[in-house]
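To start, the structure under review is shown below, and the notes come after it.
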Amino acid sequence: MALLKTSKLVSAVGAFSPSLGVFPSRASSWWTEVQMGPPDPILGVTEAFKRDTNPKKMNLGVGAYRDDNGKPFVLSCVRKAEALIASKQLDKEYLPIGGLGDFSKACAELALGSDSEVLKSKRTITVQTISGTGSLRIGSNFLSRFHTVAKDVYLPKPSWGNHTPIFRDAGMQLKSYRYYDPTTCGFDFTGALDDISKIPEHNVIMLHACAHNPTGVDPRPEQWKEMSEVIKKRKLLVFFDMAYQGFASGDIDRDAWAVRYFIEQGHNVLLSQSFAKNMGLYGERVGGFTVVCADAEEAKRVESQLKILIRPIYSNPPMNGARIASTILHTPELRSLWLDEVKGMADRIIRMREMLVTNLKKEGSTHNWQHVIDQIGMFCFTGLKPEQVERLTKEFSVYMTKDGRISVAGVTSGNVEYLAHGIHQVTK
Amino acid sequence: MSLFTEVPQAAPVAVFKLSADFRDDKDPRKVNLGVGAYRTDDSQPWVLPVVKKVEKLIQEDDSLNHEYLPILGLPEFRSNASKIALGDDSPAIKEKRVGAVQCLGGTGALKIGAEFLRRWYNGVDNTKTPVYVSAPTWENHNAVFGQAGFEDVRPYKYWDAEKRGLNLSGFLGDMEAAPEHSIFVLHACAHNPTGTDPTQDQWKQIAEVMKRRNLFVFFDSAYQGFASGSLDKDAWAVRYFVSQGFEMFCAQSFSKNFGLYNERVGNLTIVAKDEDNLTRALSQMEKIVRVTWSNPPSQGARIVATTLNSPELFQLWKDNVKTMADRVLLMRAQLKEKLLALGTPGTWEHITDQIGMFSFTGLNPKQVEYMIKEKHIYLMASGRINMCGLTTKNIDYVAEAIHDTVTKVQ
């Protein structure tokens, strides 16, 4: 092994003082074998964008909402909640491992509806997590340890790029079911049903609750109903990822419809929630992980095990964002304000979709761009091929992920024409 | 038929159960000497004045937003936090071979470090490398490394119960016998739970063995400033090891010394042989972070970075830290004095010899049970007390209770 030789070299060199300016050779480091990791495909886009000096550059990479001036948007309900919290002069004592109780409660109610039977019968457990990623991570660790009957997680094809590494790192195997139809830029419903009907029993199926990332393609309610039936027949364990509740249609109940329907149909689901986008709390890392259990007693057991998983990762979650979210959800006038602001964000995105298509037509594009309007949520799967994406980035400084995904949130009335122009140039 | 029918009820984490029991206790004399958080002389949590000041600044600054931090965290936080550990004038920093990952508390820093080591240290994916933690140690050390995939987490001799001090020969002996490349988790200062630190001379001996045996140095620094009241003094061991040329990790927590417990502010400082190795290591750390929490929380890091960046705020912080450390030192002195005055059997020098938040009293489990049940004084089964739980109002009661317990229960 290379490093055994290395350690002999270290012994031979003996003690040395770096302050003498004598640098040891690379071979004498513990990390000689460490390869340079590739840049993260999504977050790496922003880093490349930052380095670009073109004044017309556009960052359509990471899914962070921007206002019509291209600026980050801090919601008023958030500012108001922060002021309220500041006035209370709270202490900074550790939260419990499972997080802020008020937050977890509100988080679950938001997703499931306050009249949800599973909430009333106390057969759910919700823990506060480090946003959506942290929630998926805890969930995948939980599955890896306790869902021993099957080890496969079926993701829609395509799915959020980080799903695969998270589940894999937790020890699960990844498979997929057909989802996106590149010929229609829409939902491959028959393909999905076909694949799902063949998934071996008891495996895990991941569903994007709304505003599918990266395609923006969501099943219609009647399609969700059929999927629920097939999934039930196959006895699959459903794991919902809901990162955009409120952000997709502008209506939080409508966006949670699939999750609630599945639960009503008897699926005891796992659910990851993020408040990064719908409350603009990105960097505060606010999320929740919920398990719907058979009964209250099982929920207690599951809760105890979730804590055992959480403690060796980060002990207990951060307070700030959860406190803000909880304050908003529990204070009627802030909650109303939030609902308006979420709708405002969703509406602006819908408008940008429409403007993009209008401008593409104006540019003279003969392609069918209807999918840009049909798709929902922050992202749009443009249908651009990798070579076209590369040209768009190199020639027009428009930054997006290689799969052709754009964050519509990064489009403004000020740059939508430029974007349409660029897209037309690389696709005509 | 549920998929989770077989999921067993897990035992609660002891230290939190203790707090829960304390909360439920209705006895007016009750004292909580359990979980490690600072308390004022009125038994209240203390938000540091510097933190209040900085939070107000942040609150009033409309130019700030809640955007994602980079994967590795807030740059100003990372570099300033590393400087706190290694010193402003650290040669390693000047040589550009120090990097850092902002993490969720000290736990998070240990976690990311452990995950990196499991993937990249001592051959790729070497889960068989022994990880040594002190006997005793913070109980979560075992779980952090275990869950990161290390199959062999072992104790190294540390606490000598009989003499109530450091078992140096046992410690050195375990290092001599450890397989080469073993990972050693060292407490930078204010050892948790014993409060017993090696002297400078003893640290030199430890370093010599570690270098000779090619052992990996992983410092856990959760109490810098809190132990002696001086940041530099408390960082002596870490800096000494850097000066000896070690490549090492240092997991820093700002929970206690900034009182930012629930904002989860931590930093994994990495000292590498050179910039190239550092760069590659950081790139791999990013991948680990991305599948764990994507990017860290912003509020706590902002508070710390703002403080460390401003000479005035930095000084205020140091004063606040000294206030906390001084109160602890006072309680130590007074407790010992009272026990001696009562004529309590046994020796009590260790109360003032030990340093930091915790003291390993030497009380055995039966005596601990008696303290909890009869006296409503809550402490860990190991006999560990949190000195911060002592106040001028309750110290007489606690001293008398210890006296009573030690004489009645063997």
Side-chain angles (χ1 to χ4, degrees), chain A residues 1 3 7 10 15-19 23-24 26 28-31 33-37 40 43 64 72 74 82 86 91-95 130-131 133-134 137 146-147 162 165-166 169 237 268 280-285 293-294 298 301-302 304-305 307-308 311-315 318-321, chain B residues 2-4 7-10 13 37 45 47 59 65-69 71 91-92 95 104-105 107-108 111 120-124 140 143-144 147 180-181 211 214 216 243-245 247 259-264 272-274 276-277 280-281 283-284 286-287 290-294 297-300:
Chain A
M1 291 195 347
L3 270 154
S7 62
V10 169
F16 58 91
S17 172
S19 60
F23 289 97
R26 188 176 139 152
S28 63
S29 164
W30 290 128
W31 316 130
E33 305 302 317
V34 174
Q35 294 144 33
M36 188 68 191
D40 181 273
L43 300 176
V74 179
E82 286 177 313
D91 66 40
K92 300 223 162 277
E93 294 300 287
Y94 287 122
L95 283 176
I130 315 301
S131 205
T133 300
R137 186 57 207 241
F146 293 106
H147 187 64
N162 206 17
I166 291 172
D169 203 58
L237 175 52
N268 283 355
L281 289 173
Y282 308 92
E284 303 296 338
R285 322 307 294 126
C293 301
E298 182 175 279
R301 280 185 283 117
V302 168
S304 71
Q305 294 296 344
K307 288 181 184 173
I308 299 287
R311 172 94 166 135
I313 304 177
Y314 53 84
S315 277
M319 164 66 97
N320 195 47
Chain B
S2 161
L3 289 155
F4 304 128
V7 173
Q9 176 78 26
V13 178
V47 179
Q59 173 69 10
N65 55 43
H66 293 290
E67 293 298 291
Y68 288 126
L69 287 181
I71 299 174
E95 288 153 18
L104 271 82
T107 306
K111 167 70 173 179
W120 295 106
Y121 174 70
N122 199 19
V124 171
N140 206 17
V144 170
Q147 298 263 52
E180 271 201 334
H181 310 304
K211 188 177 294 180
N214 290 308
F216 186 81
S243 76
Q244 293 302 294
E247 266 186 322
L260 285 174
Y261 307 93
N262 69 19
E263 299 295 4
R264 316 312 293 124
K273 281 288 195 269
D274 55 47
D276 182 53
N277 277 295
R280 283 178 288 108
S283 75
Q284 294 298 343
E286 277 199 357
K287 288 181 69 178
R290 186 64 167 140
V291 296
T292 312
W293 55 60
S294 268
S298 109
Q299 180 74 353

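Numbers restart at 1 for each chain; the letters A, B, ... are given by sequence-line order, proteins then strands. Remember, it's a predicted structure, so these values are computed and weren't measured experimentally.
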| query | Are Arg264(B) and Ser315(A) close enough that some pair of their side-chain heavy atoms sits under 4.5 Å apart? | reply | yes
| said: Within the structure provided, determine whether Thr107(B) and Ile313(A) are in side-chain contact (heavy-atom separation under 4.5 Å). | reply: no
| Which bit of Glu67(B) is near chain A, if near means a heavy-atom gap under 4.5 Å: side chain, backbone, both or neither? | both
| request: Please list, chain by chain and in numerical order, all residues satisfying side chain to side chain contact (heavy atoms under 4.5 Å, CB included) with Gln284(B), sequence neighbours excluded. | output: Val34(A), Gln35(A), Phe116(B), Trp120(B), Lys287(B)
| task | State the CD1-OG1 distance between Ile166(A) and Thr292(B), to the nearest 0.5 angstrom. | result | 8.5 Å
| task | Report yes or no: does Thr133(A) contribute a side-chain atom to a donor-acceptor pair with the main-chain N or O of Trp293(B) at less than 3.5 Å? | result | no
| Pairing residues for Glu284(A) by the salt bridge (Lys or Arg N to Asp or Glu O under 4.0 Å) criterion, not counting sequence neighbours | none
| query | Which distance, rounded to the nearest 0.5 Å, do you find between the CD1 of Ile308(A) and the CD of Gln147(B)? | reply | 8.5 Å
| message | Can you tell me which portion of Asp169(A) sits under 4.5 Å from chain B's heavy atoms? Options are side chain, backbone, both or neither. | response | side chain
| Distance, nearest 0.5 Å, that separates OH of Tyr261(B) from CG of Leu95(A) | 14.0 Å
| Are any side-chain N or O atoms of Asn262(B) and backbone N or O atoms of Glu93(A), one a donor and one an acceptor, separated by less than 3.5 Å? | yes
| query | If you count heavy-atom pairs under 4.5 Å with chain B, which of Gly37(A), Ser304(A), Gly280(A) comes out on top? | reply | Ser304(A)
| Checking Asn320(A) side chain against Gly300(B) main chain: does a donor-acceptor pair fall under 3.5 Å? | no
| remark: Scanning both residues in full, the closest heavy-atom pair of Glu263(B) with Met319(A) reads OE1-N, 3.8 Å
| message | As a quick check of understanding, evaluate side chain to side chain contact (heavy atoms under 4.5 Å, CB included) for Glu298(A) and Gln9(B), giving each step before the final call. | response | CA-CA 9 Å; Glu298(A) 182 175 279; Gln9(B) 176 78 26; over 6 Å; no
| note | The reported gap from CZ in Arg285(A) to OG in Ser298(B) (rounded to nearest 0.5 angstrom) is 10.0 Å
| Between Asp91(A), Val302(A), Val74(A), which has the largest tally of heavy atom pairs under 4.5 Å with chain B? | Asp91(A)
| remark: OH of Tyr282(A) to CG of Asn65(B), rounded to nearest 0.5 Å, is 10.0 Å
| said: I'd like to know if the side chain of Arg311(A) and the backbone of Asn140(B) have a donor-acceptor N/O pair within less than 3.5 Å. | reply: no
| For chain B, the option from Gly134(A), Pro165(A), Pro72(A) that forms the most heavy-atom pairs under 4.5 Å | Pro72(A)
| request: Select one option (side chain, backbone, both, neither) describing which atoms of Gln299(B) are under 4.5 Å from chain A's heavy atoms. | output: both
| said: Quick check: closest heavy atoms across Asn162(A) and Ser294(B), and the distance to 0.1 Å? | reply: ND2-OG, 3.8 Å
